[in-house]
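As structure tokens, the structure follows; a few thoughts come after it.
Residue numbering restarts at 1 for every chain, and letters A, B, ... go by the order of the sequence lines.
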Amino acid sequence: MTDQELIAKLNSLNKISPDQNWLKSNRELLLSQISNSGAEKLAVWKIILIDFSSALKSASQPVYALGVFVLLLVGSVFYSQQIFAQAKPNDSLYIARIISEKLKLNTTFNAQERDMLAVQFATSHAQDISTVLSDPQFNTEENKDQVEKLNHSFKEEVNTVKDRISRLPAKVKKAPVALLVATGSEVIIADNAKDGERIEIAEKAQPTLEATSSNLAASSSVKIENVESDANEANVILDEATKLFDSKDYTKASSKLKEVDEIIK
Amino acid sequence: MSLNLVEKFKDKQILSRLKNRDKEAFIKIYDENVEEIHRFVYFKIGNREEANDLTSMIFLKTWNYIQNKTLVDAKTLRALLYKISRTSIVDYYRENGSKMTVSLDDEDNNIDVIDETENPSERLDQQSNLALIKRMLPLLKEEYREVIIMKFINDLSLDEIADISGKTKGNIRVLLHRSLNALKELVEKERPL
């Protein structure tokens, strides 16, 4: 007899099974025994809950972990800034607000938008510092050190606003602005969007184009002037706010900062 | 990939339900394993009535174990049933003071064989094979008989047998080889020429 034959014969023994009546009666007996020891029929909602959690757990661990990480990252970028926005400089959550704002700044890839956001955040910080210092319960001798720190922070925030604002008009100036100047029979197009600034001369201009081009030229110049004047105005207001802050008129300093915020928006 | 996920899901589901004392989940475990465990016990002790009682006790012990101890993986449930079976059989031997030494059941207490073949000659051959193996199995050493039952009758994997018996896979391979040779020798001796 070969090993194969012997194994085949052994395999055939797995057809041996216990008596069916015994199987049924023993099943009933076991059910009653385990029921006595606390077994129960689970409610449908509990089974659904178990199925749901089992489905979650059965997803492979690295994929699951990665999913949770991505969700947390996206969630923290989009929602944490809103959640912590109300935190004041004397709150314990203020550091979370600063981190979430930095996170948002670092995930903003457009430089102009980033500068705008930085201006808004810094203005908001300066406003909050003013609000906190205007509170007589906080601004006491006991909190002298903290008040001093906040005074210093205010100056830093104002400098940040000034610095970021100074970058904003420069970017606007570099934005593509086409200047059309119509002369008697020619149209000159000046485009400063590229480094090699170009001037094109086209033949005979239509009367309608003449009007349009002069309008466009006018509006572009006005736009640049507006941005520059906005920046100048904001700087003036910031100086005023700083003076008011130094003279401990925090409420007025705060309202001046609100004006800066509105100008930038 | 998706099959793996389905299996994982089923394992987690049954484990959670058992931990929540779900009797339906345990009865499902019973339905899936009772015949296999009964067969294991029967071939180990050689008496059907005793095998019935022991099998019943094994499932109750398993239920109590799951409720009182931490079961991490549902895949180990089958191994757990075998481990409890082994200790229950050892207890049984200790209480009765003897081991199976002669044969599996006596002539007037034959076990039921569910035979799917309709051919009478094949059926007769099957019966004679069974009778021969039945007579020879009890003559094997305890550990030889155990691995033969688990591997060739109940179709457990080498990993499962190693886990149940607390030996390495290499040891189980060697043990299987020796036990098959020993059984073959016994069968050859007994086989009519």
Side-chain angles (χ1 to χ4, degrees), chain A residues 1-68 70-71, chain B residues 4-17 19-27 30-31 34-36 38-39 42-43 48 51-52 55-56 59-60 63-64 67 111-116 126 129-130 132-134 137 148-149 151-155 177 180-181 183-184 187-188 191:
Chain A
M1 184 189 280
T2 63
D3 281 0
Q4 300 295 323
E5 285 170 336
L6 184 61
I7 289 168
K9 279 172 187 167
L10 284 168
N11 286 342
S12 71
L13 287 175
N14 71 1
K15 286 174 183 160
I16 291 173
S17 64
D19 178 48
Q20 291 302 309
N21 290 331
W22 173 80
L23 276 178
K24 276 182 194 167
S25 64
N26 190 55
R27 195 178 190 272
E28 296 303 315
L29 180 71
L30 186 69
L31 256 175
S32 69
Q33 282 173 328
I34 62 171
S35 297
N36 290 337
S37 68
E40 55 183 324
K41 193 181 175 189
L42 290 185
V44 179
W45 67 267
K46 212 167 183 178
I47 293 173
I48 292 170
L49 205 68
I50 287 170
D51 288 354
F52 182 71
S53 70
S54 303
L56 270 181
K57 284 177 193 168
S58 55
S60 63
Q61 293 303 310
V63 171
Y64 181 60
L66 186 71
V68 170
V70 169
L71 264 177
Chain B
N4 266 347
L5 271 178
V6 171
E7 265 182 37
K8 267 188 182 177
F9 168 72
K10 282 183 178 172
D11 283 351
K12 299 277 178 197
Q13 185 197 40
I14 201 86
L15 197 64
S16 300
R17 288 179 69 169
K19 279 179 183 168
N20 281 283
R21 295 177 167 263
D22 183 6
K23 61 180 178 183
E24 285 182 355
F26 189 70
I27 284 299
Y30 170 83
D31 289 340
V34 65
E35 292 192 12
E36 186 179 323
H38 185 276
R39 206 179 296 129
Y42 170 71
F43 279 113
R48 190 162 67 160
N52 288 352
T55 305
S56 188
F59 277 93
L60 194 60
W63 168 258
N64 290 331
Q67 300 313 313
I111 50 173
D112 301 325
V113 177
I114 300 164
D115 193 349
E116 287 162 357
Q126 171 99 330
N129 282 335
L130 280 172
L132 187 61
I133 304 279
K134 272 171 71 183
L137 265 177
I148 281 184
I149 298 166
K151 177 67 187 166
F152 299 115
I153 300 177
N154 277 355
D155 199 27
H177 180 72
L180 264 185
N181 282 344
L183 183 62
K184 199 161 76 176
V187 170
E188 290 294 339
R191 229 178 161 190

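Evaluation of the side-chain hydrogen bond (donor to acceptor under 3.5 Å, both in side chains) rule for B:Lys19 yields no partner, not counting sequence neighbours. By the salt bridge (Lys or Arg N to Asp or Glu O under 4.0 Å) test, A:Asp3 is found to be paired with B:Lys184, residues two or more places apart in sequence or in another chain being considered.
Contacts between A:Ile34 and chain B at a heavy-atom distance below 4.5 Å involve backbone atoms as well as side-chain atoms. When heavy atoms are compared at a cutoff of 4.5 Å, B:Ile149 does not approach chain A at all. At a 4.5 Å heavy-atom cutoff, the contact between B:Arg39 and chain A is made by side-chain atoms alone. Only the side chain of B:Asp31 comes within less than 4.5 Å of a heavy atom of chain A; its backbone N, CA, C and O stay farther away. Proximity to chain A (any heavy atom under 4.5 Å) is shown, for B:Phe59, by both the backbone and the side chain. With a 4.5 Å cut-off on non-hydrogen atoms, A:Leu23 touches chain B through its backbone and its side chain both.
Listed here is the closest heavy atom pair of A:Trp22 and B:Ser56: CZ2-N, 4.5 Å. Closest of all the heavy-atom pairs between A:Arg27 and B:Ile27 is NH2-CG2, 2.9 Å. For B:Leu60 against A:Leu30, the heavy-atom pair with the smallest separation is N-CD1, 3.9 Å.
Heavy-atom pairs under 4.5 Å with chain A peak, among B:Asn52, B:Asn20, B:Asn64, at B:Asn52.
Counting only heavy atoms from C-beta outward, the side chains of B:Leu180 and A:Leu10 approach each other to under 4.5 Å.
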